[in-house]
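Below is one structure, written out as structure tokens; comments come after it.
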Number of protein chains: 2
Amino acid sequence: MSLRHALLGLLDFRPGSGYDLLKIFNTSLGYVWPAKQSQIYGELTKLDATGLIKVTEEGPRGRKQYSLTPEGHAEAVRWLVETQESRPQRNPMLLQTFFLGLLPREEAVKRLLQHADTSAKEYDALLALRDTEDWDRDMLSACGRLVLEHGLRQRVLEQEWARWAADQLLAGPATEPAGEAGAADAHESSTTGEARTGK
Amino acid sequence: MSLRHALLGLLDFRPGSGYDLLKIFNTSLGYVWPAKQSQIYGELTKLDATGLIKVTEEGPRGRKQYSLTPEGHAEAVRWLVETQESRPQRNPMLLQTFFLGLLPREEAVKRLLQHADTSAKEYDALLALRDTEDWDRDMLSACGRLVLEHGLRQRVLEQEWARWAADQLLAGPATEPAGEAGAADAHESSTTGEARTGK
DNA sequence: TCCTTCATGTAACCGGTTACATGATTGT
DNA sequence: ACAATCATGTAACCGGTTACATGAAGGA
């Protein structure tokens, strides 16, 4: 039920209509929590009904500007301090990696390197985004900057990992797809066999 | 519709019952694609109905062992080679980060450092897992090893990023100019504020 | 005998996606 | 006049979660 809190967070920062909020989801926020128009409007109606937000102004085309009620603000803060968001972390790409053994080895390697390539492109896009915006306007954009940095590091990780994984497959067992386990050979070839801890 | 393909992938590797598959989801596979008992059984029934899998053996307690049909295998391979899995990437933790500005600064910093701590613990757990299993039995466990390595690197990233982000907040806006908050701090090696590219 | 594990199924619910539908206002 | 944008709403569907329900087989 995180969309609820995303809306509260945005409205706490600045009042706005469903349409305003949608635009934010389509740009910055959508990177970490996508939401569609229909869902946003529905959730706003519910939030209004439960008294966490209310209509504070009405505009031209039936536009309804929402603001947080005190209860809404309290709920937003409560969510931030109390909630330990854990990871369901459904990762389709890792799911596919899990089954890469079904493919001929070169095909699997190709797949991993494609992932590296995609990540590189995403990295560039994020970098461009970082250099166009100014990130010191307010607290929201300052925090957006933190999130963006996470995205950048994530893309670096994806590239490094994918290349490492491809190496592993090449250095690995000499079996055909769906075949028997072959002769084990000592790998642990490169230095990156173990992620370093920052603990 | 990824559960479908997860099941196909598992059954391609080795025939099994819903119960068998469930155990796999509760351990290794659950890290990247959780699934509940009810969903697994439902999906197996559907896959059977569409002819991608079939019952090849019946056991003691109504146990039904499923195997892939040729069409099922083809579909599994097609999914692996054709599908470009992109990221909806809903990340609750980054969503919260986005709104950290609602909290007093020290509270926000605390939140980030908690995240670092959690990630450190998860890192240790994964490391333990890595050292108990043997990862050279077959192609499936070999690929599982790749996925696990991704998890390790991910946890390292989370820690480094969270500490960097905490620093950013402390060094950031001077909205409350209550003295110098640790003026000259030598950042740890990798925290330049810019993720290095591996392109 | 009794408990645990094995083994499957189904129904209600919820968050999110797709698609359809409507109409007012503004700028060219 | 016309197109683009602003602005809201709703209904069908789908994947996933929670919870309930049943019973057979094996080991103590």
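Keep in mind that the numbers below use all heavy atoms, side chains included, and drop hydrogens, waters and symmetry copies. Every chain is numbered from 1 and lettered A, B, ... according to where its sequence line falls, protein lines coming before strand lines.
- Residues from residues 42-53 of chain A that place a heavy atom under 4.0 Å from any atom of DNA chain C: there are none.
- Taking atom CD1 on A/I24 and atom P on D/dA7, their separation rounds to 13 Å, with Å as the unit.
- Partners of B/Q37 by side-chain contact (heavy atoms from CB on, under 4.5 Å), not counting sequence neighbours, listed by chain and number: B/L22, B/Y41.
- The salt bridge (charged side-chain N to carboxylate O under 4.0 Å, His left out) check on A/R14 picks up nothing, with sequence neighbours excluded.
- More than 12 heavy atoms of other residues, nucleotides or ligands lie within 6.0 Å of CG in B/D131, so this atom counts as buried by the packing criterion.
- Looking at residues two or more places apart in sequence or on another chain, you find a ring pair (Phe, Tyr, Trp, His ring centres under 6.0 Å) between B/H5 and B/W79.
- Residues of residues 3-14 of chain A that place a heavy atom closer than 4.0 Å to DNA chain D do not occur.
- Taking atom OH on A/Y19 and atom C1' on C/dT26, their separation rounds to 12 Å, with Å as the unit.
- The distance between atom NZ of B/K36 and atom P of C/dG15, rounded to the nearest whole Å, is 15 Å.
- Within 3.5 Å, a donor on the side chain of A/S38 pairs with an acceptor on the base of C/dT18, or the reverse.
- Between A/W33 atom CH2 and C/dG15 atom P the separation is 11 Å, expressed in whole Å.
- The side-chain contact (heavy atoms from CB on, under 4.5 Å) test applied to A/K54 returns A/D48, A/T56, A/T69, not counting sequence neighbours.
- Contact check of residues 60-69 of chain A against DNA chain C (heavy atom, cut-off under 4.0 Å) returns A/P60, A/R61.
- The nearest whole Å value for the distance from the CD atom in A/Q39 to the C1' atom in D/dG9 is 15 Å.
- Of the possible polar contacts, one joining the B/W135 side chain to the B/R130 backbone as a donor-acceptor pair under 3.5 Å is found.
- Rounded to a whole Å, the CD1 atom of A/I40 is 18 Å from the P atom of C/dA19.
- B/D20 is linked by a side chain to side chain donor-acceptor pair (under 3.5 Å) to B/S17, B/R63, counting only residues two or more places apart in sequence or in another chain.
- Between B/Y41 and the phosphate of C/dG9, there is no side-chain N or O to OP1/OP2 separation shorter than 4.0 Å.
- Among residues two or more places apart in sequence or in another chain, the salt bridge (charged side-chain N to carboxylate O under 4.0 Å, His left out) test is passed with B/E58 by none.
- The ring-ring contact (aromatic ring centres under 6.0 Å, His included) analysis of residues 43-69 of chain A, with sequence neighbours excluded, yields no pairs.
- Qualifying side chain to side chain donor-acceptor pair (under 3.5 Å) partners for A/S38, counting only residues two or more places apart in sequence or in other chains: none.
- The separation between A/R90 atom CZ and C/dG16 atom C1' is 13 Å, rounded to whole Å.
- Within 3.5 Å, a donor on the side chain of B/Q37 pairs with an acceptor on the base of C/dG9, or the reverse.
- In terms of the salt bridge (charged side-chain N to carboxylate O under 4.0 Å, His left out) criterion, A/D138 has no residue partners (sequence neighbours excluded).
- B/L22 places its CG atom 14 Å from the P atom of D/dT18, with the value rounded to the nearest Å.
- In this structure a side-chain-to-backbone donor-acceptor pair under 3.5 Å is present from B/R155 to B/G151.
- With C/dG15, D/dT10, C/dT8 as the choices, the nucleotide that has an atom nearest any side-chain atom of B/S17 turns out to be C/dT8.
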